[in-house]
Peer 1: 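Right, I'll just put the structure down here and ask away after.
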Amino acid sequence: MAYQPPKQSLAGQIVDVVVLLVMTVGALYVPLYMGLAGAAKTPAPIENPTWEALGQNEAEQSQWAALGFPDAASANDIITARFDYTFSWAALIVMVVAVVGYFILVVRLSDKEYREVIEERFGKNGKG
Amino acid sequence: MSNVSATAAPERLGLLRVLGPGHVWALGVGIVLVGEYMGWNFSVGKGGMIAGLVACWVAGLLYTCVAMIDSEVTSTVAAAGGQYAQAKHIVGPLMAFNVGLFLVMAYTMLEAANAITIGFLLDTVAGMLGHTGLNQQPFIIMTILALAYLNYRGVLASLSFNLVITAFAFVAIILLFLAVQFGASAVPLDFSAVSNEPLPYGWLGIVAALHFGLWYYLGIEGTCQAAEEVRSPARSLPFGTMAGIMTLVIAATLTWYVCSGLIPWEYLGQAGTPLFDAARVTGSSSLMVLLFIGTVFATTASANGCINDASRAWFSMGRDRYLPSWFGAVHPRYRTPYRSIVFLIPIALIFALGAPLDQVVTFSILSGLLGYTFMTFNMVMFRKKWPLGTIKRGYVHPWHPLPAFVLLVLCAATYFAVFLGYGTQLIAMLCFYILASLWFHFWRYRFVKRGDQFTMPWPRPQGY
Amino acid sequence: MDIWNYLEIAAWVISAIIAGIMLLDMIKVDTTYDNELLTSSREGELELTQERHEL
């Protein structure tokens, strides 16, 4: 006997959509509100900047000028900003476990559901 | 409009099968080309000039694997929803639900990012013309609404529109390259940083750059969303997708060359609109206008394609009752998934008006990345459950399982690249998908008809 | 008030018009046609007529 799903009421449908929406918006905004989001470069401006000290040759100097940076001081922050790539191994392991665990969870539960689908479509263990 | 059929409503409504390979190309490249106009250059910021180029090519390899795998599966499972329908037939319902969410999230976020960029660009131009404090909101809202309406009215018109503006944006990149090459630039090309400062972050920088290297191509896999509207999917989809990848590798390399030569890498690494900036450096006002229009067109084409793809995925999930069946409706005249299109407008607006650009972009990239990871084991399972010769495939990709394996390795490297700086988002996103999965498995799945989900006329999978 | 302010207002107005047209059309369709018909699209139906999977 094929599985007969229950009819879902209109209110139920709306509730389901709202639940999904809340989860989506939450995933994006919760890290934002907790102030955990984003990687920023930190500038390390040098004293008494000159184009030479910042390692910019003549062609590069004219490029900076065309972009609206007339002197070395104005480009000091951009040129010296660097990312910080130090990370903790513990955090890396947490990430690996989370990613791998997520996929294992989904594939295993999917397989359970998939067997039901195949059984209903093709019959029990026999030929379809 | 030619795609509006005024005939009496048939007994059953389906999407309209009107698209050719050119539209597939326009859908794929249209979504992605915006990556050349903004975003890719953060990879230069994350690792330096060499890392930017390496990331461009490595990501190109990643996407070639994606295109090969995708072409084989899509030319066989030709249904709206693309990878969603593939997952449903090959891995199982919960995976399909997740893949559907990846698609909707990746495209809706990308759409929001595009709208933000258009607002930003208009603000810049208004500033250059002496108007400060432009209110960007109405322009963002108008962009999203206008494109949604275009999609609402019919797929042929929206993708024909995409074909024109995508072609323009592509030609603009080539013209810029030619103009610079033949000396139209007031400032010379300079690649000294390549030898002076090859890898400011060392080898780690190359891996880190991969994060935004994806941005050169992100979304090309969206071509298979159109499967139910293409006249002959088994031929058009592989052709349009492969042509799209080639277009993008060319455009990406030209873009890297022109921008790296004209803009100091420290600036390039944080620029908002790199190609427009390169045009500014040349000092030629006609190039500036050309690249301004190119940027507007590229972002518009991308947002347009995103609305198309996200609504197809949402629609397919509604049709299978993974989401309320209300969304599975087709417009009787325009033959578009109109309720899904309308529903996704406010969602895109929430993100376009409320969240910072890099967050939105990262959310989009991560959803894409999860989708590529899925493709690797999906491909292996596909060949295992239906070995070659048991069903007819429109296209068979060579060297299986090498592409799947390469793709997996590149995905792992990219997770690490995202982890360098955006680890929190990665975890937050995974929490979201795990919660959603549990919700689906233990609650939502009861409304789904079991056997009806398997719609392909295939034999029983081996081992089940 | 310069040209950009007028553009802003124009953008608001156009947005409102488009939203109005789309919503009205959606309401019209939803009340004119039976929901069963609107949601009658099925995946794979085209497969049976257009693509042959037999060898």
Side-chain angles (χ1 to χ4, degrees), chain A residues 2-3 5-6 8 13 16-17 19-21 23-32 36-39 41 55-57 59-60 62-64 66-67 75 78-79 81-83 85 87 91-92 94-95 98-99 102-103 105-107 109-118 120-122 127-128, chain B residues 46 91-95 98 187-188 190 192 196 201 204 208 262-264 266-267 270 277 280-281 283 324 326 350-351 355 358-359 363 373 415 419-437 439 441 444-451 453-454 459-461 464:
Chain A
Y3 170 80
Q8 195 181 20
Q13 297 195 17
D16 274 5
V17 171
V19 168
L20 255 188
L21 269 185
M23 283 196 284
T24 315
V25 176
L28 188 76
Y29 283 93
V30 165
L32 276 183
L36 295 169
K41 287 194 218 183
Q56 306 299 310
N57 63 24
E60 283 166 336
S62 53
Q63 292 171 354
W64 282 109
L67 288 165
I78 290 186
I79 292 178
R82 289 290 183 276
F83 282 108
Y85 286 151
F87 61 89
L92 182 64
V94 167
M95 182 201 76
V99 173
Y102 162 70
F103 275 108
L105 172 87
V106 170
V107 170
L109 292 178
S110 289
D111 192 67
K112 233 166 102 187
E113 296 167 351
Y114 189 70
R115 285 178 192 277
E116 266 177 44
V117 172
I118 296 301
E120 200 179 301
R121 179 86 191 321
F122 295 100
K127 288 157 200 83
Chain B
K46 273 191 105 174
V91 183
L94 178 61
M95 188 75 242
N98 277 274
V187 172
D190 175 74
S192 58
N196 292 345
Y201 294 99
L204 198 58
L262 285 177
I263 305 175
E266 295 94 339
Y267 183 87
Q270 51 84 59
D277 288 335
R280 266 169 57 199
V281 172
W326 190 78
I350 290 177
F351 293 112
D358 66 326
Q359 300 303 314
F363 211 128
T373 314
Y415 281 115
F419 169 75
L420 291 176
Y422 289 85
T424 326
Q425 277 92 329
L426 185 58
I427 300 291
M429 285 251 323
L430 282 172
C431 290
F432 162 69
Y433 283 116
I434 290 171
L435 270 180
S437 297
W439 174 79
H441 183 74
R444 182 68 216 173
Y445 190 57
R446 73 189 58 191
F447 300 107
V448 179
K449 286 187 177 154
R450 304 297 195 248
Q453 296 169 74
F454 197 100
R460 193 184 189 109
Y464 282 83

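Here is the naming used below: chain letters follow the sequence lines, and residue numbers restart at 1 for every chain.
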Peer 1: Out of Q63(A), E60(A), R115(A), which one racks up the most heavy-atom pairs below 4.5 Å with chain B?
Peer 2: Q63(A)

Peer 1: Applying side-chain hydrogen bond (donor to acceptor under 3.5 Å, both in side chains), can you list everything that pairs with D190(B), at least two apart in sequence or on another chain?
Peer 2: N57(A), S192(B)

Peer 1: Could you grab the distance from atom CD of E113(A) to atom OH of Y445(B), nearest 0.5 Å is fine?
Peer 2: 5.0 Å

Peer 1: Quick check: closest heavy atoms across A66(A) and V281(B), and the distance to 0.1 Å?
Peer 2: CB-CA, 3.8 Å

Peer 1: Name the option with the most non-hydrogen atom pairs under 4.5 Å to chain B; the candidates are V25(A), L67(A), D111(A).
Peer 2: L67(A)

Peer 1: At a heavy-atom separation under 4.5 Å, does F447(B) approach chain A through its side chain, its backbone, both, or neither?
Peer 2: both

Peer 1: State, yes or no, whether a side-chain contact exists between V106(A) and Y433(B) at a heavy-atom distance under 4.5 Å.
Peer 2: no

Peer 1: Of all of A98(A), P6(A), A59(A), which one pairs up most often with chain B through heavy atoms under 4.5 Å apart?
Peer 2: P6(A)

Peer 1: Out of curiosity, M95(B) CE to L105(A) CG, how far, rounded to the nearest 0.5 Å?
Peer 2: 10.5 Å

Peer 1: Based on non-hydrogen pairs under 4.5 Å, which of V19(A), V17(A), T24(A), V94(A) is most in contact with chain B?
Peer 2: T24(A)

Peer 1: Can you say whether I427(B) sits under 4.5 Å from chain A via the side chain, the backbone, both, or neither, judging by heavy atoms?
Peer 2: side chain

Peer 1: Once side-chain hydrogen bond (donor to acceptor under 3.5 Å, both in side chains) is applied, do any residues pair with S62(A), and if so which ones, sequence neighbours excluded?
Peer 2: none

Peer 1: Taking S110(A) for its side chain and P93(B) for its backbone only, find out whether a donor-acceptor pair lies under 3.5 Å.
Peer 2: no

Peer 1: So, do Y29(A) and I350(B) sit near enough that their side-chain heavy atoms are less than 4.5 Å apart?
Peer 2: yes

Peer 1: Does the side chain of I79(A) come within less than 4.5 Å of Y267(B)'s, by heavy atoms?
Peer 2: no

Peer 1: For the side chain of R460(B) and the backbone of F122(A), is there at least one donor-acceptor N/O pair under 3.5 Å apart?
Peer 2: yes

Peer 1: With a 4.5 Å limit on heavy-atom distance, are the side chains of Y3(A) and V448(B) in contact?
Peer 2: no

Peer 1: Sort L92(A) into side chain, backbone, both or neither according to what part of it lies under 4.5 angstrom from a heavy atom of chain B.
Peer 2: both

Peer 1: By a 4.5 Å heavy-atom criterion (distance strictly below it), what part of I263(B) contacts chain A: side chain, backbone, both, or neither?
Peer 2: both

Peer 1: Where the side chain of Q453(B) meets the backbone of V117(A), is there a donor-acceptor pair that is under 3.5 Å apart?
Peer 2: no

Peer 1: Under 4.5 Å heavy-atom distance to chain B, tell me which part of F87(A) shows up: side chain, backbone, both or neither.
Peer 2: side chain

Peer 1: Any side-chain heavy-atom pair from F83(A) and L204(B) closer than 4.5 angstrom?
Peer 2: no

Peer 1: Tell me, do L109(A) and S437(B) make a side-chain contact under 4.5 Å, heavy atoms counted?
Peer 2: no

Peer 1: Which answer fits Y201(B), side chain, backbone, both or neither, if we ask what part of it has an atom under 4.5 Å from a heavy atom of chain A?
Peer 2: side chain

Peer 1: Let me confirm one number: the CD-CG distance from Q56(A) to N196(B), rounded to the nearest 0.5 Å.
Peer 2: 9.5 Å

Peer 1: Quick check for you: among F363(B), F419(B), W326(B), which has the greatest number of heavy-atom pairs under 4.5 Å with chain A?
Peer 2: F419(B)

Peer 1: Between Y114(A) and L94(B) (side chain of the first, backbone of the second, donor and acceptor by atom type, cut-off under 3.5 Å), is there such a pair?
Peer 2: no

